[in-house]
Each structure stands twice: as C-alpha cells, then as structure tokens.
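So the structure is just underneath, and the comments pick up after that.
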Protein chains: 2
Amino acid sequence: MQRGRPFNRQDMNLSHSMEDYLEAIYNIKVRNQVARVKDISREMNVRMPSVTGALKALADKGLVIYQPYESVELTQAGLDHARGIAHRHTAVREFLTSVLGLPEEDVEQEACGLEHAISPETLDRLLKLVDFIGAHGDDKAFRLSDFQSFLKDGSDPDGDMSADVCYLPATIKSTRLSELCPGMKGRIAFVSGRKPIRKRLVEMGMTSDTHFEVLRTAPFGDPIEIKIRGYNLSLRRSEAEHVEVEVIND
Amino acid sequence: MQRGRPFNRQDMNLSHSMEDYLEAIYNIKVRNQVARVKDISREMNVRMPSVTGALKALADKGLVIYQPYESVELTQAGLDHARGIAHRHTAVREFLTSVLGLPEEDVEQEACGLEHAISPETLDRLLKLVDFIGAHGDDKAFRLSDFQSFLKDGSDPDGDMSADVCYLPATIKSTRLSELCPGMKGRIAFVSGRKPIRKRLVEMGMTSDTHFEVLRTAPFGDPIEIKIRGYNLSLRRSEAEHVEVEVIND
DNA sequence: TTCTTAAGTTAGTCTAGCCTAACTATAACG
DNA sequence: CGTTATAGTTAGGCTAGACTAACTTAAGAA
Ligand SMILES: [Mn+2]
Ligand SMILES: [Mn+2]
Ligand SMILES: [Mn+2]
Ligand SMILES: [Mn+2]
C-alpha cells in the first residue's frame, strides 16, 4: 500500500524500465567496450525504436550521451547509476543462490525484477549477509546475533573477515579500478570520462581487454600500483576512477 | 536484462498496480469487513477515479465484483490472489526486519515494492528462513547447511521445528480458517463466497470481529473444531475455507 | 564509385495508470 | 420530504513505454 515514489537515489528518480536500459548499456560496455542500439535491443528483448526512445529519455536526464547513429556513451552520473543497478542485481542474485539455494539458471529474471525495489540499506546488508555466510562456508556455525554485530561494527567472532583495511564485497563483478584491493586481478573493461583523460590513460596502456593485477595501494588509495603488460604502473586515484574493470576471481 | 513478463501465477498476469489494489482491498476487508472506494483511495494514496478505473479492470479479470456505488467484493480467485500478495508482503517485511535487522518503520514501502517480483519458490524459502531463524532465536548457533537441509526435508538438527504435522509460517497474519493449527487464536475477519454459504456460516456465529480458538483438527483438517462465543463448534473444511481470519499471536 | 544491406530513426498507434473538473447518486438530517 | 454533504462516477487529458511501418544512414561489396 501507499504507492509512493521510490527511494531518492542521488535526487534522480528512474523508472524500472530506464534502470534496465542503463544496466544493459553498462553490462554491454563491460563486455564489449561499446554499446550500440542493436546490442541493447537484443539484450533487453525490445525493438530498436524502443531503444532510441529510451536513449533520448536518458540523454534528457543527463545519464548518457546520445548522438544519432553513434554508439552510446555513459556520462559520469550515468556510469555511477548504472554500476549501482548492476550491483543491486548481483547482490540479489547471490542472495537467492547462495543463501536461499535457488538454482542459478532460475534467478536472473527475478533478480532483475527485485533490483529496482532494493533500498541502499538493504543492498548494504544483503551484500554483507552474502559475504558473511560465504566466509563461514557451509560448515561453520554462527548465530544471527553474530551477523547483526558484524553489520554494526564489522566485527566477527570467528575472525575470518574482521576489519579488513580494504574490503570489496565478493558479489561485485565489475567496478572502478580505484575500488580494488591489493592482490585482486581483473580485466580493463572500458575507460570513461572526457577525451583527454581517456587518451592519457590509453597511452599508459589501459586499453580494453588487458589483464592486470593490483600490487599495492597507499593509505587512501592514492596512488594505486598495478602490474599490466609486464610493467608496473602507478596511477593516481583520480585516474583509476575512470577505469572500469571486470574483477576476475581466479 | 531480458525484460520479459513476470511469473505465471495461476495463468493470471497482474501489473504491480493491480496487485496493489487487490492487496489493499484484502487488507481493508480483513480490518473493516467492507472495502469502499474511499477506503482504497486513502490506503493507496490515489484519487477516487483511479480506484474506479482499477476496479473495472479487476472486474474484467474476474477478480472482484464491482457494481457502481456498492462496496467491492472479492471473487474466490481474487481472494486467493490477494491473500498471496499480502503473504509475499509480510514475508518480505519479516525478512527485512528479523534477518537483516532493518527498522520496522522503514521497511513497509520497500516490502510493497519487492513483493511484486518474488517468485513462488523464493517466497517459500523466505518464509522458511524467517521461521528457521526465529526458531533458533538470537542465541542458538546454526550452519547454513542446517537451513539448506531444513529446506529440503523439513528436518532440523536442533529439533525445534521438525516435522510438525500442522505448520503455519509465523509471518502469516491472516488466512483461511482452514489453514490454522490447533491452539491458534484469531479473529473472524470476513466470510467469502456466495450468499447461501455466507448466510449459513453467519447463522453458526461466524460473524465479523468474533474471537475464537482452534481446538483440534482431524487428520486432513476435516472437520475442524473451534471454541467461539463460549461454544464448541465443528466446521467442515469446505466451510472453513470461506472464513478469512486474522491470526492473533497472544 | 555505385549498389546493397544492416542498423538506426521517425512517425504514428496503443495501452496502462495516473490526474482534474464536472456531474450524479445516496443517505442523513431537519 | 426536501436539502445538503459526501461518496462515487464520467469524461477527458497526460505521460511512459511498448509496438509497426516506412524512411534514412552508413559501410562494405562489387
Ligand atoms: Mn531489472
Ligand atoms: Mn538487472
Ligand atoms: Mn506493492
Ligand atoms: Mn504490499
């Protein structure tokens, strides 16, 4: 009851449909670097004119850059938003499979329906629940109160996941390079931002599909050092924020 | 991705909006016996002409009986459907509060958004998760695998909830009288079905707002014996199915 | 360089779901 | 029994989001 408007996510109120378009664009770009109308149409199972219409609406909201006949670019706001939706999707999927034990192949559609109604607080706790249960495995016993206190202060009586300086939820499959922790590996998906920034990063070797490993990060993640193409490369945080990566859990 | 149609729930495909109308009608009837346009309008925070339109749509689908200027009745199909939505709502709410520990007052809207995207399998497991954790309380430890095997065969190593002959999930706040287990108490909410059936049940004392307790049920719940207005009353299952009750956890 | 074809856009239609404004029915009251 | 207030309906408008049909663009093949 009380059919009100959804949660305030950064002052932007997107419909389920617009969120799905944004999510699709993001996922296609992570896979393919570029997202074209046909790709989106195929991914979402709608006709191309529907995509054109959605792109106009998203462009009006400042979330994508859309020039007729060109491949669609995400703005910084659009990218942040899209990443958020994709994270909600994976968080829900992982909850359904790893906590509720539902079969992988059945949960995709359901996750994509639920993701639009997940509040920021619920997302946070869902991520933590999945990680908490993942860390405990199938064997180790725990109390609900253990989880509740882990929620509050990050403490865990069994010590498997307490107070990591750098912590990325296991459910997250793609994010900014600047979010990664030392030891993590990944694949450069695409580089965002304005031309000069993109150019500079590409010249440093941050081209799509290249694999890398994070070597170390300074206290506030600035700079971040990675191993890429056999070289060690040091990036400023402001640069690493423009590099969208797919996390690889070997 | 893949914006397809929702789950097949008894061959009926209701929009989120239509589900909310049905849920509101059900909840109002559980509280008030009758649901009028104004009540629905207030409950859902929409204007009255929107309600009139929704009622016409629901009547076309055979879920409500709608005669201009009269209070709205649920058909048997509509009642079943509505009860299902209300159960999804409460299951989600209880999960959010008792497992994720979110504050009661924050979760209503979110539950009402999520309920529309919950599959039957997920509902089932969510109900069981809440019950399982409820039965274990905050203190007793358990493994995820305990829950998983409880899901499969209803067995629980700690024995608190194994193999109850009669089992009603704790999250369910209102249902048919025929679903209740011996020892449970409740309040008659309303009686459904055609006039002669309703009349017969009312003559037996099954009038709205009357409190009762279930004394015992025969193996397949037929007949069911209750204590009501100081008398013991025995009902056939087919009759008890028409009595919608609010469960009272004293 | 022209032809062909796939990708993309435009225009127009339809449905769901909300709204306001204006009209109508019902019931309660004097 | 007529008046009046409230509940309810009808008519009409608007937006979002899908669709088809028809046209346009751009890129590769001949
Ligand atoms: Mn979705
Ligand atoms: Mn999704
Ligand atoms: Mn709802
Ligand atoms: Mn609800």
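By convention in this document, chain letters (A, B, ...) are assigned in the order of the sequence lines, proteins followed by strands, and residues within each chain are numbered from 1.
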Problem set entry | Proximity to DNA chain C (any heavy atom under 4.0 Å), residues of residues 50-69 of chain B only | S50(B), Y69(B)
Exercise. Is there a donor-acceptor contact under 3.5 Å from the side chain of T97(A) to the main chain of E94(A)?
Worked result: yes
Problem set entry | Between P of dA18(D) and CG of N45(A), the distance in whole Å | 11 Å
Problem set entry | Nearest-Å distance for atom pair CG/P, residues D39(A) and dA7(C) | 10 Å
Exercise. Just by distance, do the side chain of R93(B) and the backbone of E108(B) share a donor-acceptor pair under 3.5 Å?
Worked result: no
Problem set entry | Length of the CG-C1' vector between L14(B) and dT15(C), whole Å | 16 Å
Exercise. Of all the nucleotides listed (dA7(D), dG17(D), dC18(C)), which has the minimum atom distance to the side chain of S17(A)?
Worked result: dG17(D)
Exercise. What's the NZ-C1' distance between K38(B) and dT9(D), to the nearest Å?
Worked result: 15 Å
For this session: For A240(B), enumerate each residue passing the side chain to side chain contact (heavy atoms under 4.5 Å, CB included) test, keeping only those at least two apart in sequence or located in another chain.
Result: L177(B), S178(B), I224(B)
For this session: Please confirm whether the backbone N or O of V30(B) pairs with a side-chain atom of R187(B), one donor and one acceptor, at under 3.5 Å?
Result: yes
For this session: Please state how far atom NE2 in H16(B) lies from atom C1' in dG17(C), giving the value in whole angstrom units.
Result: 14 Å
For this session: Would you please name every residue forming a side-chain hydrogen bond (donor to acceptor under 3.5 Å, both in side chains) with R229(A), sequence neighbours left out?
Result: T207(A), T210(A)
For this session: Check whether any side-chain N or O of S15(A) sits under 4.0 Å from OP1 or OP2 of dG17(D), and answer yes or no.
Result: yes
Problem set entry | Any R47(A) side-chain nitrogen or oxygen under 4.0 Å from OP1 or OP2 of dA18(D) | no
For this session: Evaluate the ring planes of H116(B) and H16(B), with Trp represented by its six-membered ring, and classify them as parallel (under 30°), tilted (30 to 60°) or perpendicular (over 60°).
Result: parallel
Problem set entry | Distance in angstrom units between N13(B) CG and dA18(D) P, rounded | 16 Å
Problem set entry | Nearest-Å distance for atom pair CE/P, residues M48(B) and dT24(C) | 16 Å
Exercise. Is a side-chain N or O of S41(A) found less than 3.5 angstrom from the main chain of V46(A), in a donor-acceptor match?
Worked result: yes
For this session: To the nearest Å, give me how far apart CD (E19(A)) and C1' (dA16(D)) are.
Result: 15 Å
